[in-house]
Amino acid sequence: MPRVVSLTPAVFHLPEAVNAASRTYGDHPIVPRGPRARPLFDRVRSGIKTALHAPNYEAVMLTGSGSTAMAAVLGSCLSPDERLLVIRNGAYGDRLFEFASAMRQPIVDMQLPYGEKPDLAKIEALFAANSVDAVTMVHGATSSCTLNPVAELGALTRKYGKKFLMDGVSSVFVDPIELDAWNVAALMGSCNKGLHAHPNMTFALVREDLLAEMAQFPQRAPSLELYKIWKTQTNASHPYTIDMMSLSQVGAALDFLEEIGGVPGRHAIYAKRCKILR
């Protein structure tokens, strides 16, 4: 029987360790706010930070898909009056625009044909004119199998003091990501895709200085308030019910990632596949 291989990150390549966690969880379920939750929360949150070399960031775990992380970051990491530049050149850029619009965030819309790289000179002109306060863009554009110029955009956000919210759902653990160097204030992540866990647990990485700022923001995304969730998870709990089986699967996925050489090992696998696609 032929073996089916997905060239893009998907649920077809779940490690046996993750599948085993699924099969055996029912024998020893974990109470979401019970004593066995703390070591699992701590291990997963610190494991994501360590794997992605993100010592200046905090990982916040969420039940849901990558779109959940998108909604959480857009609804938690901006004050209601910050003007957000949305750069969209693919389906998930459109989704960023949709979510920000639903939250009534002031938007400057940069809509481009799918796959077309944004004009950095135009972006810099907007920054220089102080027409926007923050920017969001997808890193790995699955609609066109391309990467957006996040390093260059990050350099501009650092130069002009703008907040950069990056959608890394499809690229995290797949392509090299340098959060500090790119001046990323918050990363929208996924525990499925490149981490190879199930698609019902996701995460956001938020820089520590932004977390301190978020303490003053009004809560606009019920059950997805990242600051509130982070404060609770640091005490090994969760303000809402979280999927502990999926969290266990993420722990198994992180263990397997370490076995294959960490993020560089996973990068090597996907570099071969991305070469074919791109």
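Fair warning: this is a prediction, and the values are worked out from it, not measured in the lab.
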Decide side chain to side chain contact (heavy atoms under 4.5 Å, CB included) for V60 and F203; before the verdict, give the C-alpha distance in whole Å, the side-chain angles of both, and the deciding distance to 0.1 Å. CA-CA 5 Å; V60 186; F203 70 94; over 6 Å; no

Look at K163 together with D133 and state whether they make a salt bridge at an N to O cut-off of under 4.0 Å. no

How about NZ on K231, more than 12 heavy atoms from neighbouring residues, nucleotides or ligands closer than 6.0 Å, or not? no

Any chance you could lay out the side chain to side chain contact (heavy atoms under 4.5 Å, CB included) test for S131 and V108, step after step, and finish with the verdict? CA-CA 8 Å; S131 299; V108 175; 5.5 Å; no

With sequence neighbours left out, the residues meeting side chain to side chain donor-acceptor pair (under 3.5 Å) with Q216 are none

Under 3.5 Å, is there a donor-acceptor pair linking the side chains of D81 and S79? yes

Shortest non-hydrogen contact between V44 and L254, atoms and distance: O-CD1, 3.8 Å

Do the non-hydrogen side-chain atoms of F164 and L156 ever get within less than 4.5 Å of each other? no

Y270 six-ring face occupied by R273 cation (under 6.0 Å, within 45°): yes

Check whether any side-chain N or O of S76 sits under 3.5 Å from a backbone N or O of A72 as a donor-acceptor pair, and report yes or no. yes

If you measure from CG on L78 to OG1 on T136, what distance do you get to the nearest 0.5 Å? 8.5 Å

Donor-acceptor contact present, side-chain R45 to main-chain A59, <3.5 Å: yes

Which pairs pass side-chain hydrogen bond (donor to acceptor under 3.5 Å, both in side chains) with one or both residues in residues 62-74, sequence neighbours excluded? S67-R95

Less than 4.5 Å apart, any side-chain heavy atom of V135 and any of I123? no

What heavy-atom pair brings C77 and L165 nearest, and what distance separates the two atoms? CB-CD2, 4.1 Å

Measure the shortest side-chain to side-chain distance between L84 and L74 over non-hydrogen atoms and say whether it is less than 4.5 angstrom. yes

Between N235 (side chain only) and S237 (backbone N and O only), is there a donor and an acceptor less than 3.5 Å apart? no

Set of residues satisfying salt bridge (Lys or Arg N to Asp or Glu O under 4.0 Å) with respect to R266, sequence neighbours excluded: none

So, E82 and K162, do they make that salt bridge, N to O below 4.0 Å? no

Using modelled atom types only, decide if a donor and an acceptor are shared between the side chain of N89 and the backbone of L112 within a distance under 3.5 Å. no

Hey, are the side chains of H196 and L257 touching, using non-hydrogen atoms and a 4.5 Å cut-off? no

W230 vs Y227 aromatic rings, parallel, tilted or perpendicular, using cut-offs 30° and 60°? tilted

Which atoms form the tightest heavy-atom contact between S170 and G140, and what is the distance? CB-O, 3.9 Å

Does Y57 use its side chain to pair, donor to acceptor, with the backbone of V184 at less than 3.5 Å? yes

Could you tell me whether a side-chain N or O of T202 sits under 3.5 Å from a main-chain N or O of L62, the two making a donor and an acceptor? no

Results of salt bridge (Lys or Arg N to Asp or Glu O under 4.0 Å) for D209 - residues two or more places apart only: R207

Tell me whether M244 is reachable from I48 by hopping between hydrophobic residues (I, L, V, M, F, W, Y) whose side-chain heavy atoms are closer than 4.5 Å. yes

Could you check whether any side-chain N or O of R88 sits under 3.5 Å from a backbone N or O of M137, counting only pairs where one atom can act as donor and the other as acceptor? no

Euclidean distance, T157 OG1 relative to L85 CG, rounded to 0.5 Å: 11.0 Å

Under a 4.5 Å cut-off applied to non-hydrogen side-chain atoms, are F217 and M214 in contact? yes

Charged N-O contact under 4.0 Å between R158 and D180: no

Within one Ile-Leu-Val-Met-Phe-Trp-Tyr cluster: M201 and Y240, side-chain cutoff 4.5 Å: no

Using modelled atom types and a 3.5 Å cut-off, is there a donor and acceptor pairing between side-chain atoms of N148 and backbone atoms of V150? no

Carefully, step by step, assess D167 and Y92 under the rule side chain to side chain contact (heavy atoms under 4.5 Å, CB included). CA-CA 8 Å; D167 178 345; Y92 292 98; 4.1 Å; yes

With hydrophobic residues grouped by side-chain heavy-atom distances under 4.5 Å, do L205 and L226 end up in a single group? no

Greater than 12 external heavy atoms within 6.0 Å of F173's CZ: yes

Tell me if a side-chain donor or acceptor on H267 pairs with a main-chain N or O of D175 at a distance below 3.5 Å. yes

Using the test salt bridge (Lys or Arg N to Asp or Glu O under 4.0 Å), find all partners of E225 that sit at least two apart in sequence or belong to another chain. none

Stepwise, does the side chain to side chain contact (heavy atoms under 4.5 Å, CB included) test hold for E16 with F256? CA-CA 9 Å; E16 171 55 26; F256 181 77; over 6 Å; no

Give a yes or no on whether E258 atom CD has more than 12 heavy-atom contacts from other residues, nucleotides or ligands under 6.0 Å away. no

Indicate if V138 and I107 have the same hydrophobic cluster label, given that clusters are the connected sets of ILVMFWY residues with side-chain heavy-atom separations under 4.5 angstrom. yes

Can you see which heavy atom on I229 is nearest to which on S223, and at what distance? CD1-O, 3.6 Å

Do you know the tightest heavy-atom contact between T241 and P32? CG2-CG, 4.4 Å

Quick one: pull up CE in M61 and CG in L40 and give me the separation to the nearest 0.5 Å. 9.0 Å

Is the shortest side-chain heavy-atom distance between R36 and H28 below 4.5 Å? yes

Of all heavy-atom pairs linking H198 and S22, the shortest is NE2-OG, 3.3 Å

Verify whether one side chain among Q105 and R220 offers a donor that lies under 3.5 Å from an acceptor in the other. yes

To the nearest 0.5 Å, what is the distance between CG (L96) and CE (M166)? 11.5 Å

Are the side chains of H139 and W182 in touch, meaning some heavy atoms are under 4.5 Å apart? yes

Roughly how far, to the nearest 0.5 Å, is CG of L153 from CZ of F127? 5.5 Å

Are I242 and L195 connected, step by step, through hydrophobic side chains (Ile, Leu, Val, Met, Phe, Trp, Tyr) whose heavy atoms are closer than 4.5 Å? yes

For K228, salt bridge (Lys or Arg N to Asp or Glu O under 4.0 Å) partners two or more places apart: none

Atom SG in C191, atom CD in Q249: separation rounded to 0.5 Å? 10.0 Å

Would you indicate whether the side-chain heavy atoms of I30 and S248 approach each other to under 4.5 Å? yes

